[in-house]
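Scroll down for the structure; my scribbles are underneath it.
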Amino acid sequence: MADNFDLNNISNIRGLSEKEAAEKLAREGYNEIPSAKKRSFLAMVYDVIREPMLLLLIAGGIVYMFLGDVQKR
C-alpha cells in the first residue's frame with residue numbers, strides 16, 4: 001500500500017484481486033467494530049455520578065440551599 005498514486009490519472013489505480021481480498025479477510029477478519037461489553041444499569045449510574053460537572057452542579061446547589069438568595073431576606 002506504499003504505492004504513490006497520481007490522482008489526476010485514476011485509471012491506473014486498481015483494487016484488491018479476489019485472491020488478495022480473500023487472504024486479507026482470512027487474516028484480519030471482517031471490517032467491523034467489535035461490540036462493546038454490556039454494562040449493567042448500576043454501572044452506568046455510577047459512571048454518571050462520578051462525572052466532575054455533575055458533582056460541581058450538586059455542590060453548587062447545596063451551597064445555594066444554605067446561603068439562599070440574599071435579596072429575599
Side-chain angles (χ1 to χ4, degrees):
M1 298 304 296
D3 298 330
N4 292 328
F5 296 113
D6 180 13
L7 295 178
N8 294 323
N9 188 8
I10 61 171
S11 62
N12 292 337
I13 299 174
R14 65 173 185 82
L16 296 175
S17 68
E18 290 289 327
K19 182 181 175 186
E20 290 171 323
E23 288 172 358
K24 283 183 77 79
L25 180 61
R27 184 175 61 244
E28 299 173 11
Y30 290 100
N31 186 20
E32 59 186 20
I33 298 173
S35 61
K37 181 182 164 188
K38 298 279 185 181
R39 295 186 334 169
S40 70
F41 178 73
L42 292 177
M44 289 188 282
V45 169
Y46 177 70
D47 287 341
V48 169
I49 290 174
R50 285 186 32 223
E51 286 291 325
M53 287 302 289
L54 180 64
L55 296 175
L56 184 64
L57 178 66
I58 291 171
I62 291 171
V63 168
Y64 184 77
M65 279 181 11
F66 286 112
L67 296 180
D69 193 0
V70 178
Q71 294 178 351
K72 290 186 178 181
R73 292 182 186 195

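Numbering starts at 1 and runs along the sequence shown. Atoms considered below: every heavy atom in the structure, side chains included; atoms not considered: hydrogens, waters and symmetry mates.
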Verify the neighbour count for atom CD of Glu18: are there more than 12 heavy atoms of other residues, nucleotides or ligands below 6.0 Å?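 No, because the 6.0 Å sphere around CD of Glu18 holds 12 heavy atoms or fewer from other groups.
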Do other residues, nucleotides or ligands put more than 12 heavy atoms under 6.0 Å from the CE atom of Met53? no
Shared hydrophobic cluster, Tyr30 / Leu16 (ILVMFWY, side-chain heavy atoms < 4.5 Å):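 Not linked; separate clusters.
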Hydrophobic cluster membership, Phe41 vs Ile49, 4.5 Å side-chain cutoff: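 Yes; Ile49 is reachable from Phe41 via cluster members.
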At what distance, to the nearest 0.5 angstrom, does [atom1] of [X] lie from [atom2] of [Y]?
X: Leu54; Y: Asp47; atom1: CG; atom2: CG; value: 12.0 Å
X: Asn31; Y: Lys24; atom1: CG; atom2: NZ; value: 10.0 Å
X: Glu28; Y: Glu23; atom1: CD; atom2: CD; value: 11.0 Å
X: Leu67; Y: Ile62; atom1: CG; atom2: CD1; value: 12.0 Å

Checking the side chain of Glu51 only, and the main-chain atoms of Val48 only, is there a donor and an acceptor separated by less than 3.5 Å?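 Here the side-chain-to-backbone pair does not exist.
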